[in-house]
Every structure is written in structure tokens, then in C-alpha cells.
Visitor: 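The structure under discussion is supplied below as C-alpha cells; questions concerning it will follow.
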Amino acid sequence: FENLDYFGNHEFTINGKQAIFKALSYYNLKENDEVYIVTTSGNKYVSSCVTEEIEKYCKWSRELSSDTKLIFLIHEFGTVYKEIDQLLELKLPIIEDLAMSMFSKDEVGQAGNVGDFTIYSLPKFFPIQFGGVLRYNNRQYKKQATSVNEPFQEDLQKVASFFLNKKEKNISRRKDNYQYYL
């Protein structure tokens, strides 16, 4: 399928939540461990789609602590987090969430490439009802496709490929809409 290389090494999931769950399953998180959630806006609100998946494994926090084992970085609303280098200095694993920022880039091309995993939510960008993508930048991760996922894999490949062919038009429309709302 054309253009699926946009996602790099990846697997399709039913939704973004399942992609988050699968990414978190890679780490041996314990009940008292914490996932440090970082957002581009610094806003206190974090979607329950994210927090409920984390709570299946451990606690989450908006502050670093001695219990922090993982960083969950949310690139919000088309805006890429600018202090990625500072997060990398912490030497903690990172999961990046580009669910609301597909196609967004930073100046040096780090967004979506620094975390062990990157999460995408297809309905947030394409006119479809379901679909997530788990991109794995961690070479040690073994794709964990299950028989439950198999029926929709080919459909999501076709749909994603179709809409990725229209990527530049989609980006242009989003920029126009943003300017209109400003």
C-alpha cells in the first residue's frame, strides 16, 4: 500500500486507546509506578482516553517524581512539544501521542521519532469511524497483532493509504481553517 511508510514500523489498532494500551504493555510497570504526562499547552486537562489506559497499569502524574518510570508526551492540537531535548535528558522511556497532531513537525524532525512508540488516532484526521496506529521506534518491540485485529487490518491499510495520498491537501485545509478561526 502506498504511503504507509509515513508511519514507519507500525501496526493498526482498533483505536488510539488500544495503541496506548499496547505501547504501555511493553514496559514492566508496577502499580505504584508513575507515568509523567507532558502536554504542549501545559493545560491541566488530559483526556480520559489517555489516563484510563495508564491506570490499567499504574498511576499517572503531571509532575516528575522518584516513582516516574515513563514519560507520556502529548503533542496537542497540531502543536509539537518544543522542549523534547530536555525530556531526553531525563533518560526515561517516552511514548509520544500525535493523535491530535498528525502531520505536525518540529524544526529538526524529532516529533514522532524520539519515543519508543508513537500513537495516532485516524478518526481525528480522516473521515472514518475507527482506527489507531501504534508506531514502534523501539527495535526490540515485537509486533503483537492478534486475531481480533486481523479483520480490519487490510481495510485500515487501504483507507490510510488513500488519505495519505491527499496529505498535502489535508494539511493545507487545516492551516486554512486555523487561520479562519484566528
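Note that the structure is predicted; figures quoted are calculated from it, not measured. Because only heavy atoms are used, hydrogens play no part in the values below, and waters and symmetry mates are left out as well, while side chains stay in.
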Visitor: Report the C-alpha distance between K56 and E52 in whole Å, list the side-chain angles of each, state the deciding distance to 0.1 Å, and finish with yes or no for salt bridge (Lys or Arg N to Asp or Glu O under 4.0 Å).
Guide: CA-CA 7 Å; K56 292 175 182 176; E52 287 176 359; over 6 Å; no
Visitor: With a 4.5 Å limit on heavy-atom distance, are the side chains of D67 and N32 in contact?
Guide: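 D67 vs N32: side chains apart.
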Visitor: Please determine, by modelled atom types, if E55 and W60 share a side-chain donor-acceptor pair under 3.5 angstrom.
Guide: yes
Visitor: Are F12 and F126 joined in one hydrophobic group, where the rule is that I, L, V, M, F, W and Y side chains link up if heavy atoms are under 4.5 Å apart?
Guide: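 They do share one cluster, since a chain of ILVMFWY contacts under 4.5 Å joins F12 to F126.
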Visitor: Mark yes when over 12 heavy atoms from residues, nucleotides or ligands other than K166 sit less than 6.0 Å from its NZ; otherwise mark no.
Guide: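 No - once you tally the heavy atoms of other residues, nucleotides and ligands closer than 6.0 Å, there are 12 at most.
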Visitor: If Ile, Leu, Val, Met, Phe, Trp and Tyr residues are connected whenever their side-chain heavy atoms lie under 4.5 Å apart, and connections chain through other members, are I171 and Y178 in the same group?
Guide: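 As far as the 4.5 Å side-chain criterion goes, Y178 and I171 are not connected within one cluster.
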Visitor: Do the charged groups of K22 and E11 touch, with an N to O distance under 4.0 Å?
Guide: yes
Visitor: Taking H75 for the side chain and L98 for the main chain, is one N or O donor matched with an acceptor at less than 3.5 Å?
Guide: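 Side chain of H75 to backbone of L98, a donor-acceptor pair under 3.5 Å: no, none is there.
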Visitor: Nearest 0.5 Å, what's the CG-NZ distance between N170 and K175?
Guide: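 With rounding to 0.5 Å, CG (N170) is 11.5 Å from NZ (K175).
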Visitor: Which pair of non-hydrogen atoms, one from L134 and one from A19, has the smallest distance, and what is that distance?
Guide: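 L134 and A19 have their closest heavy atoms at CD1-O, 3.7 Å.
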Visitor: For residues Y57 and F21, establish whether the separation of their ring centroids is below 6.0 Å.
Guide: yes
Visitor: For a quick test of reading the model, state the closest non-hydrogen atom pair linking P123 to G131 and the distance between them.
Guide: CD-O, 3.1 Å
Visitor: Any sub-3.5 Å donor-acceptor pair from N15's side-chain atoms to Q18's backbone N or O?
Guide: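 Yes: the side chain of N15 pairs with the backbone of Q18.
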Visitor: Decide if the gap between the ring center of Y36 and the ring center of F72 is smaller than 6.0 angstrom.
Guide: no
Visitor: Which atom names give the shortest non-hydrogen contact between L70 and P93, and what distance separates them?
Guide: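 Minimum heavy-atom contact is CD1-O, 3.4 Å.
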Visitor: If I take atom CD1 from residue I54 and atom OG from residue S48, how far apart are they, to the nearest 0.5 angstrom?
Guide: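 OG of S48 is found 11.5 Å from CD1 of I54.
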Visitor: Taking C-beta and beyond as the side chain, do C58 and V35 meet within less than 4.5 Å on heavy atoms?
Guide: yes
Visitor: Rounded at 0.5 Å granularity, tell me how far CZ in F125 sits from OH in Y120.
Guide: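 These two atoms lie 10.0 Å from each other.
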Visitor: Check step by step if side-chain contact (heavy atoms from CB on, under 4.5 Å) holds for K69 and L29.
Guide: CA-CA 8 Å; K69 303 294 185 241; L29 296 168; 3.9 Å; yes
Visitor: Working to the nearest 0.5 Å, report the span between CD1 of I74 and OG of S47.
Guide: 8.0 Å
Visitor: side-chain contact (heavy atoms from CB on, under 4.5 Å) for F130 and L122? Distances and angles first, verdict last.
Guide: CA-CA 7 Å; F130 70 96; L122 298 180; over 6 Å; no
Visitor: Do I95 and I71 make a side-chain contact, defined as non-hydrogen atoms from C-beta onward lying under 4.5 Å apart?
Guide: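 No - every pair of side-chain heavy atoms lies 4.5 Å or more apart.
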Visitor: Between OG1 of T118 and CD of E96, what distance do you get to the nearest 0.5 Å?
Guide: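 Answer for the OG1-CD pair, T118 versus E96, is 4.5 Å.
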Visitor: Do the side-chain N and O atoms of D116 and Y27 include a donor-acceptor pair separated by under 3.5 angstrom?
Guide: yes
Visitor: Hey, can you tell me if H10 and F7 have their rings parallel, tilted or perpendicular (30° and 60° cut-offs)?
Guide: tilted
Visitor: Carefully, step by step, assess I20 and V50 under the rule side-chain contact (heavy atoms from CB on, under 4.5 Å).
Guide: CA-CA 7 Å; I20 292 169; V50 172; 4.1 Å; yes
Visitor: If you round to the nearest 0.5 Å, how far is OH of Y181 from CG of N177?
Guide: 6.0 Å
Visitor: Consider only side-chain N and O atoms of K30 and N28, and report whether a donor and an acceptor are under 3.5 Å apart.
Guide: yes
Visitor: Give the cluster check for V114 versus Y81: same hydrophobic cluster or not, with ILVMFWY residues linked at side-chain heavy-atom distances below 4.5 Å.
Guide: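 In one cluster with V114: Y81, yes.
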Visitor: Would you check if the side chain of R62 reaches a backbone N or O of I37 as a donor-acceptor pair within less than 3.5 Å?
Guide: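 Yes, because the side chain of R62 sits within donor-acceptor range (under 3.5 Å) of the backbone of I37.
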Visitor: Looking at side-chain heavy atoms only, is the closest gap between I128 and L156 below 4.5 Å?
Guide: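 Counting from C-beta outward, I128 and L156 do come under 4.5 Å.
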Visitor: So N9 and N137, side-chain contact (heavy atoms from CB on, under 4.5 Å) or not? Walk me through it.
Guide: CA-CA 7 Å; N9 294 322; N137 301 320; over 6 Å; no
Visitor: Below 4.5 Å, heavy atoms only, C-beta onward: do Y45 and T39 meet side chain to side chain?
Guide: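 The answer is no; the side chains never approach within 4.5 Å.
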Visitor: Would you mind reporting whether D176 and Y180 have side-chain heavy atoms less than 4.5 Å apart?
Guide: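 Sidechains of D176 and Y180: no contact.
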Visitor: Does the T68 side chain pair with the main chain of S65, one donor and one acceptor, at a distance under 3.5 Å?
Guide: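 A pair under 3.5 Å: yes.
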Visitor: With a 3.5 Å distance limit and no angle check, can you tell me whether T40 reaches the backbone of E76 through a side-chain donor-acceptor pair?
Guide: yes
